[in-house]
Amino acid sequence: MARIKMVAGNWKMNKNLQEGVALATELKEAVKNPKCAVVIGTPFIHLATVSELLKGSAIKVAAENCADHEKGAYTGEISAEMVKSTGAEYVILGHSERRQYYAESYAMLEAKVRLALANGLKVIFCIGEIKEEREAGQQNEVVKAQLEGSVFGLSAEEWKNIVLAYEPVWAIGTGLTATPEQAQEIHAYIRSLVAEKYGKEAAEDTTILYGGSCNEKNAAELFACPDIDGGLIGGAALVAEKFLAIIAAR
Ligand code: 13P
């Protein structure tokens with residue numbers, strides 16, 4: 001099985017429903033035969049409408065989070081089963097903004113990942129170090145701990161539904177992109193960790209995305225690296241023209 005190349009957007013907390021529908025409509029019309037998988041991560045309230053709109057198109061839909069409990073008295077939370085029922089096929093988990101602003105722990109993320117997989121969702125699992133950790137040369141230890149803490153307990157069968165996204169926190173929304181060399185080096189390291197855990201073949205089949213100020217100008221150079229299988233795009237995914245140019249670069 002060949003590794004899947006992918007460009008995924010993460011809209012974060014941007015676009016009201018009407019704006020989101022307008023952007024999804026524009027993308028649907030423009031993305032006909034992409035050379036890679038295309039996914040858009042939208043706010044929860046957009047999921048049902050956007051999934052229906054994109055049904056049968058080349059674009060898949062992702063939630064940006066899901067609950068760490070199955071169901072019940074958790075006011076305001078959205079379960080993995082609810083996400084799945086909208087027609088969404090993916091969920092982004094472990095984003096640094098969730099870890100940082102909402103104190104999502106390794107254990108909480110493991111629970112979310114397991115519930116997502118149990119409900120038939122594929123997971124885009126984010127890892128990455130903060131600026132101080134990069135400056136101290138600790139990036140490898142950090143991503144290793146994040147993988148061991150939340151996803152390396154999965155079975156080999158479950159692992160097939162995991163896409164990894166390396167997102168150095170210092171590069172997110174800062175305009176400061178990891179150089180292709182920096183990104184390739186750590187992507188290769190991440191793939192070696194997957195090989196140690198799940199075997200060489202599984203590692204070769206694992207999609208590893210880069211995220212962090214990836215845009216229409218630097219995408220081609222990043223995607224040319226052998227261990228960078230695509231991108232997880234924030235800001236540039238909010239503008240159809242830019243997101244389409246990134247898809248074209250993959
Ligand atoms: P930016 O592309 O805006 O830096 O965001 C990256 C990101 O966090 C995607 O999940």
Side-chain angles (χ1 to χ4, degrees), residues 5-15 19-20 23 27 36-44 46-47 59-66 83 88-102 104 109 112-113 116 121-131 133-134 139 142-143 146-147 150-151 162-180 182-183 186-187 190 207-223 225 228-250:
K5 309 282 182 185
M6 179 183 288
V7 172
N10 175 8
W11 291 2
K12 308 191 179 182
M13 196 172 72
N14 293 294
K15 308 269 177 206
E19 292 164 345
L23 176 55
L27 294 174
C36 64
V38 177
V39 178
I40 54 174
T42 82
F44 285 131
H46 302 45
L47 288 177
I59 308 174
K60 310 287 188 209
V61 179
E64 300 173 14
N65 183 24
C66 72
V83 169
E89 293 181 36
Y90 287 83
V91 58
I92 299 168
L93 292 172
H95 195 281
S96 62
E97 288 148 19
R98 301 289 323 168
R99 295 179 192 262
Q100 188 180 347
Y101 306 142
Y102 301 96
E104 295 195 354
L109 286 171
K112 292 184 178 204
V113 169
L121 293 166
K122 295 186 177 78
V123 174
I124 300 174
F125 189 74
C126 307
I127 55 178
E129 80 286 355
I130 61 173
K131 184 162 159 274
E133 291 163 341
R134 167 65 64 165
Q139 63 272 16
V142 171
V143 297
Q146 290 169 333
L147 290 168
S150 305
V151 289
I162 300 287
V163 169
L164 295 178
Y166 168 67
E167 299 207 304
V169 182
W170 47 272
I172 296 178
T174 57
L176 206 70
T177 318
T179 64
Q182 282 174 322
I186 193 157
H187 276 234
I190 292 164
T207 299
I208 309 179
L209 308 178
Y210 169 80
S213 298
C214 181
N215 59 38
E216 70 286 4
K217 296 191 185 79
N218 58 30
E221 203 184 2
L222 287 159
F223 297 168
C225 300
I228 301 180
D229 304 313
L232 181 55
I233 318 299
L238 296 172
V239 182
E241 206 177 37
K242 294 184 182 183
F243 192 59
L244 292 169
I246 297 170
I247 295 168
R250 174 63 282 183

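All ligand and atom numbering here is 1-based and tracks the order in the structure.
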- Message: Any heavy-atom pair between the side chains of Pro43 and Glu64 that's under 4.5 Å?
- Response: yes

- Could an N or O of ligand 1 be found under 3.5 Å from any N or O of Gly235, whether backbone or side chain? yes

- Below 3.5 angstrom, do we get any N/O pair linking Asn10 and ligand 1? yes

- Task: Give a yes or no answer on whether the side chain of Lys60 reaches the backbone of Ala37 with a donor-acceptor pair at less than 3.5 Å.
- Result: no

- Is the backbone N or O of Gly234 less than 3.5 Å from a side-chain atom of Asn10, with the two atoms forming a donor-acceptor pair by type? no

- Contact list for residues 162-171, test side-chain hydrogen bond (donor to acceptor under 3.5 Å, both in side chains), sequence neighbours left out: His95-Glu167, Glu129-Tyr166, Glu129-Trp170, Arg134-Tyr166

- For Leu47 and Ala63, work out which heavy atoms get closest and say how close. CD1-CB, 3.7 Å

- Query: Relative to the heavy atoms of His95, which atoms of ligand 1 are at a distance of less than 4.0 Å?
  - Reply: 7 (C), 8 (O), 9 (C), 10 (O)

- Item | For atom 5 (O) of ligand 1, closest protein heavy-atom neighbour | Lys12 NZ, 3.3 Å

- Item | N/O separation below 3.5 Å, Glu167 to ligand 1 | yes

- Query: Can you check side chain to side chain contact (heavy atoms under 4.5 Å, CB included) on Glu104 and Asn65, steps first, answer last?
  - Reply: CA-CA 11 Å; Glu104 295 195 354; Asn65 183 24; 3.8 Å; yes

- Mark up the atoms of ligand 1 that fall under 4.0 Å of a heavy atom belonging to Leu232, in ascending order. 9 (C), 10 (O)

- When only distance counts, is Gly212 in polar contact with ligand 1, meaning an N/O pair under 3.5 Å? no

- Task: Closest by any non-hydrogen atom to atom 4 (O) of ligand 1: pick that one out of Gly173, Gly234, Gly41.
- Result: Gly173

- Item | Parallel, tilted or perpendicular: ring planes of His46 versus Trp11, cut at 30 and 60 degrees | perpendicular

- What atoms of ligand 1 come closer than 4.0 angstrom to any heavy atom of Ala171? 4 (O)

